[in-house]
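Just so you know, these numbers come straight off a predicted model, no measurement behind them. Heavy atoms only: backbone and side chains are in, while hydrogens, waters and symmetry mates are out. All chains are named by letter (A, B, ...) in the order of the sequence lines, taking the proteins before the strands, and each is independently numbered beginning at 1.
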Amino acid sequence: MWIKDDKSKVNGAKNMDTSLKIKRSLVKTIRSFKVSIPILLGVLLLISLITTATPKDFYAKIFTGNYIIDSLVGAIFGSVAAGNPMTSYIIGGELLKEGVSLIAVTAFILAWVTVGMVQLPAEIVMLGKRFSLTRNLISFVSAIIIAVLTVLTMELL
Amino acid sequence: MSLRTLLAKIGSTRLFLLIVLLIYLIVGAVNLALMWESLLNFFQLVLKILPVLVLVFGLMFLSNLFLDARKALKYLGKKSGVRGWALAIITGILSTGPIYMWYPLLADLKEKGMRASLIATFLYNRAVKIPLMPVMIYYFGWKFTLVLTFYMIMFSVINGFVVERIVGENKEVLK
């Protein structure tokens with residue numbers, strides 16, 4: 001009888017402990033989300049404004065025909081552009097048709113998905129200034145290097 | 001109240017939102033149609049990302065429930081080794097939705113001791129979009145898609161190393 005009582009006490013304490021843990025985790029998650037919501041809303045508003053204000057034929061006008069300058073231009077505009085990656089593939093495909101080099105287009109679509117100037121303020125607030133700036137800068141340089149490597153490898157294959 | 005006190009009271013996250021709203025007001029004053037169209041796009045975007053937001057909220061809740069600092073360090077900390085890198089690459093590729101939706105979860109994990117290199121690697125692998133590969137293949141061909149994906153995964157690790165080298169390791173919660 002006493003053993004049974006002890007067991008139920010232990011089980012009850014365990015249940016209390018679990019429900020307390022769930023409550024604590026929920027409160028912590030809600031608190032983290034409360035901090036994130038204003039910044040996420042800001043990023044979403046900014047992305048909506050940029051994608052609405054940028055005409056689709058804008059990107060075709062910015063390339064010069066020079067391989068080196070165009071890959072840099074591609075990476076710069078890819079970094080500033082925002083929106084669904086599929087849009088970058090579609091724009092990239094159209095740019096290729098218009099005679100823009102594959103290196104420039106690759107740098108453009110890569111920077112589009114790896115560098116985020118629009119969401120940089122959000123990244124800085126949540127992950128730290130030094131980390132975010134370094135990560136984006138390295139991703140920018142990588143976009144150009146990968147673009148060159150990809151096209152060179154394609155020529156070898 | 002001084003400007004500095006006011007800014008501290010508003011907080012950096014709300015300040016950013018206020019600045020963006022101010023930009024909208026300025027755009028509205030110059031081009032009202034553009035402002036309304038952008039707002040409409042914003043609401044459509046919010047509806048589109050809601051499922052991802054719920055997913056991230058769920059993952060954050062589960063990580064707070066089951067992943068304490070000691071466990072986080074084991075899987076994502078300095079001693080996580082190859083397993084940590086593999087976890088960052090695979091979860092980065094499999095994660096869906098916009099990149100900024102994952103910042104709150106990563107900030108939580110960073111607090112628990114996740115390595116800066118693994119955060120950078122995770123974020124870089126978000127560029128590898130398996131569901132969008134057919135679109136990429138359609139526009140650029142399968143050879144280009146395969147080569148680019150290979151380099152992106154390879155560079156995600158290189159970027160992780162370089163970022164950590166420059167930024168330094170996260171201060172670990174437990175020694």
Side-chain angles (χ1 to χ4, degrees), chain A residues 21-22 24-26 28-30 32-33 35-53 84-86 89-90 92-93 96 102 105-106 109-110 112-114 116 119 121-128 130-131 134-135 138-139 142 145-147 149-150 153-154 157, chain B residues 11-14 16-21 23-24 27 34-35 37-42 44-46 49 53 57 60-62 64-65 98-101 103-104 106-108 110 116 119-120 123-124 126-127 129 132 135-136 138-140 143-144 147-148 151-152 155 158-159 162-163 166-168:
Chain A
K21 224 176 147 186
I22 290 173
R24 252 187 229 158
S25 304
L26 199 64
K28 200 179 170 200
T29 310
I30 290 170
S32 300
F33 242 74
V35 176
S36 318
I37 288 296
I39 201 108
L40 290 178
L41 285 177
V43 170
L44 289 173
L45 279 164
L46 212 53
I47 287 173
S48 307
L49 184 65
I50 289 172
T51 48
T52 313
N84 195 308
M86 197 155 81
Y89 301 163
I90 297 167
L96 272 183
L102 185 60
V105 171
T106 312
I109 58 172
L110 256 174
W112 184 300
V113 283
T114 57
Q119 54 261 33
E123 192 173 335
I124 287 174
V125 169
M126 288 185 220
L127 299 173
R130 204 168 144 82
F131 172 85
T134 311
R135 192 192 76 77
I138 291 169
S139 296
S142 300
I145 299 172
I146 295 176
L149 284 174
T150 303
T153 311
M154 291 271 294
L157 287 174
Chain B
S12 54
T13 58
R14 281 190 214 135
F16 174 66
L17 180 61
L18 282 177
I19 291 170
V20 177
L21 288 174
I23 294 172
Y24 262 74
V27 169
L34 176 64
M35 189 194 84
E37 210 182 320
S38 304
L39 277 177
L40 190 72
N41 275 346
F42 164 73
Q44 282 169 347
L45 197 59
V46 169
I49 60 151
L53 205 63
F57 184 88
M60 274 175 80
F61 170 67
L62 289 176
N64 281 328
L65 191 61
I99 193 168
Y100 43 88
M101 286 291 139
Y103 294 157
L106 291 172
D108 250 26
K110 185 186 168 196
I119 297 176
L123 289 173
Y124 204 87
R126 301 258 316 100
K129 306 270 181 196
L132 295 184
V135 186
M136 197 185 243
Y138 172 77
Y139 278 105
F140 303 98
K143 212 160 79 173
F144 174 88
V147 172
L148 185 66
Y151 279 127
M152 280 200 283
F155 269 77
I158 297 171
N159 281 11
V162 177
V163 167
I166 296 171
V167 176

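- Residues A:S142 and B:Y124 bring no donor and acceptor atom of their side chains to less than 3.5 Å of each other.
- For the atom pair CG (B:L34) and CG (A:L49), the distance works out to 5.5 Å, reported to the nearest 0.5 Å.
- Put simply, of B:V46, B:L21, B:I23, B:L53, the one with the most heavy-atom pairs under 4.5 Å next to chain A is B:L53.
- Panel note: side chain A:R130, backbone B:I166; a donor-acceptor pair is recorded below 3.5 Å.
- Note: A:I138 leads A:I138, A:I50, A:V113, A:T51 in heavy-atom pairs under 4.5 Å with chain B.
- Panel note: side chain B:Y100, backbone A:G116; no donor-acceptor pair is recorded below 3.5 Å.
- In terms of heavy-atom pairs under 4.5 angstrom with chain B, the leader among A:L41, A:L157, A:I30, A:L149 is A:L149.
- Proximity to chain B (any heavy atom under 4.5 Å) is shown, for A:I124, by neither the backbone nor the side chain.
- Partners of B:L65 by side chain to side chain contact (heavy atoms under 4.5 Å, CB included), not counting sequence neighbours, listed by chain and number: A:K21, A:I22, A:S25, B:F61.
- Among residues two or more places apart in sequence or in another chain, the side chain to side chain contact (heavy atoms under 4.5 Å, CB included) test is passed with B:L132 by A:N84, A:P85, A:M86, A:Y89, B:K129.
- With a 4.5 angstrom heavy-atom cutoff, B:L39 touches chain A only via side-chain atoms.
- Neither the backbone nor the side chain of B:Y138 comes within contact range of chain A; no heavy atoms are under 4.5 Å apart.
- Ranked by heavy-atom pairs shorter than 4.5 Å toward chain A, the options B:V162, B:L123, B:I158, B:L40 are led by B:L123.
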